[in-house]
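Notes to accompany the following structure.
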Protein chains: 2
Amino acid sequence: MPPADPMPSPPAAPQPLRRTALHEQVATRLRDMIVHGALRPGERVSEATLCEQLDISRTPLREALKTLAAEGLVELRPNRGAVITPLRQPETLELFETIAGMERIAAEHAAERLSLAELRKLEKLHDRMEACHNAGDLKPYFACNQEIHRLIVAGAHNKVLQSTHGFLHTRMSRARYFALFVPQRWSESVAEHRRIMDALRARDGARAGAELGAHVWRTGQIIAQAVDGLDSVAS
Amino acid sequence: MPPADPMPSPPAAPQPLRRTALHEQVATRLRDMIVHGALRPGERVSEATLCEQLDISRTPLREALKTLAAEGLVELRPNRGAVITPLRQPETLELFETIAGMERIAAEHAAERLSLAELRKLEKLHDRMEACHNAGDLKPYFACNQEIHRLIVAGAHNKVLQSTHGFLHTRMSRARYFALFVPQRWSESVAEHRRIMDALRARDGARAGAELGAHVWRTGQIIAQAVDGLDSVAS
DNA sequence: CATGAAAAAATTGTATGCAAAATTAAAAAT
DNA sequence: ATTTTTAATTTTGCATACAATTTTTTCATG
């Protein structure tokens, strides 16, 4: 029995009294470490080191790694240990292209399916995002931006699409984390978001989809460019 | 050390001398059992029983279950054992809607990116598929049909899209396995495939995408209907 | 000094053990 | 007869052990 949980306690679950399995907590922790660079692209995963850091036995760690491998965050190599998935430009482009496609589909559906409450929430977030842009507050801007994307995908009211998007989103977050912030893209992005909101407001699915897809794809191209040649562990 | 591998030997890997980890073999085996109904929707996964059947220890089985859970084929319930993901109509609809969207995106890209060799291969497969339909040979018809879908997705030349599609495809295959074959849908389907091929031949991405997406969505609606009320283990 | 072979050390994959949690069965209370 | 409580059994999650594989280090040779 391991000592007190070395990881942040999970929030109270909607299903009361169900504690989160350790292997899931480990997976969550590792996801964060991968996205935010504590585990670098291409880095060899040392079970022994990680177990020591996290004060757990190898079993939940190994199980967590299987989960993360299925999500594409880790690459398993039989008998040679796992590595953190390298950040490769071609794959980053493909990732953003795929996500752009999915967000486009989501936006098309969302335009028809968003409830009034959801649409109002989006409007509020969008206004807040514009305010952050005007005030030059990047961090809250980015948080609003991400939340808008998430709400649009959720607005499609398709859980399979949402969860599939969620997997890819983790990988996208990592790429964004490693890419440099590009200031000129900021104003473009805000303008594009305006057009997306216009289309959603008008319940114009085709336009919403096209605008959102293009927006994500443009962002992706810039991120992929920034990722190219980044310092990652040789793979 | 377990005795001789109770599962079919994996094909020689493109990377020579790398043997497939047991947990991956187990995952492959379980996937097949889930898709083809040996493990039924909603069924409780008994580690002890499966380990006995497969003649393995619990560790690789547990690791394989994590992989399959990430793929949506199994639902983990802490301390209460895993269950095979139930086959629910709403979720089946969402699944097909998502796949339709992804195949639409793929077809749009494929229309532009398919090499001549790939297009020729598709034409051949399509001709063979029509022949099977005319001869009333369902099984080879279906094999051609699936291969055409796979090739179109591959023709987008985007590996992230392809592998994401692959995950969902497993779940779709399961739903199809459980659904009844619907004869009137057969001729419709062939006609739709003709239109898809026309669009691809014309390098018309928008049309190819629309036709393929609509085709998958129509199929999905019928499958979801068939899945409704199916005999699955109470969840 | 470079290369190859052998030995030692480290790591990985899987099997097994054990305590905790859940489920089932039996006994007691109503 | 039904419900509740208690006891027994089974299952699960995780820790640990062990053999196989890989990597690193050491030694021998040209």
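What you see is a predicted model, and the numbers here were worked out from it, not measured in a lab. Order of the sequence lines sets the chain letters (A, B, ...), proteins ahead of strands, with each chain counted from 1.
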- [ ] Considering only NZ, NE, NH1 and NH2 on the basic side and carboxylate oxygens on the acidic side, decide whether B:Arg128 and B:Glu147 come within less than 4.0 Å.
- [x] no
Task: Atom-to-atom span, CG of A:Leu54 to P of D:dA15 - whole angstrom - done: 11 Å
Task: A:His157 NE2 to A:Ser115 OG distance, which is reported to the nearest 0.5 Å - done: 5.5 Å
Open item on the list: Can you identify which nucleotide, out of D:dT12, C:dT11, D:dA15, has its nearest atom closest to the B:Asn79 side chain?
Closed with: D:dT12
TODO: Round to a whole Å and report the spacing from CD of B:Glu52 to C1' of D:dT10.
DONE: 15 Å
Open item on the list: Quick check for you: among C:dA22, C:dT14, D:dT11, whose closest atom lies nearest to any side-chain atom of B:Leu22?
Closed with: C:dT14
- [ ] Select from B:Arg58 and A:Arg77 the residue whose nearest nucleotide in DNA chain C is closer to the 5' end of that strand.
- [x] A:Arg77
Task: salt_bridge(A:Arg113, B:Glu94) N-O dist < 4.0 Å - done: no
Task: DNA chain C contacts among residues 59-70 of chain B, heavy-atom distance under 4.0 Å - done: B:Thr59, B:Pro60, B:Glu63
Task: Distance flag, aromatic centroids of A:His215 and A:His149, threshold under 6.0 Å - done: yes
Task: Nearest-angstrom distance from the residue atom CD1 of B:Ile56 to C1' of C:dT14 - done: 10 Å
TODO: Quickly work out the A:Leu76 CG to D:dT22 C1' distance and round it to whole Å.
DONE: 17 Å
TODO: Would you mind reading off the distance between B:Arg80 atom CZ and D:dG13 atom P, rounded to a whole angstrom?
DONE: 11 Å
- [ ] Please report the closest heavy-atom contact between A:Gly213 and A:Ala100, naming both atoms and the distance.
- [x] O-CB, 3.4 Å
Task: Interatomic distance, A:Glu47 CD vs D:dT21 P [rounded to whole Å] - done: 17 Å
Open item on the list: Could you tell me how far apart A:Glu24 (CD) and D:dT12 (P) are, to the nearest whole angstrom?
Closed with: 15 Å
TODO: For A:Ala21, answer base if it contacts any base atom (sugar-phosphate contacts may also be present), sugar-phosphate if it contacts only those atoms, and nothing otherwise; contact means non-hydrogen atoms under 4.0 Å.
DONE: sugar-phosphate
Task: Identified salt bridge (charged side-chain N to carboxylate O under 4.0 Å, His left out) counterpart of A:Glu75 within the set A:Arg88, A:Arg80, A:Lys66 - done: A:Arg88
- [ ] For the pair B:Glu118 and B:Lys121, find out whether any cationic side-chain nitrogen is under 4.0 Å from an anionic carboxylate oxygen.
- [x] no
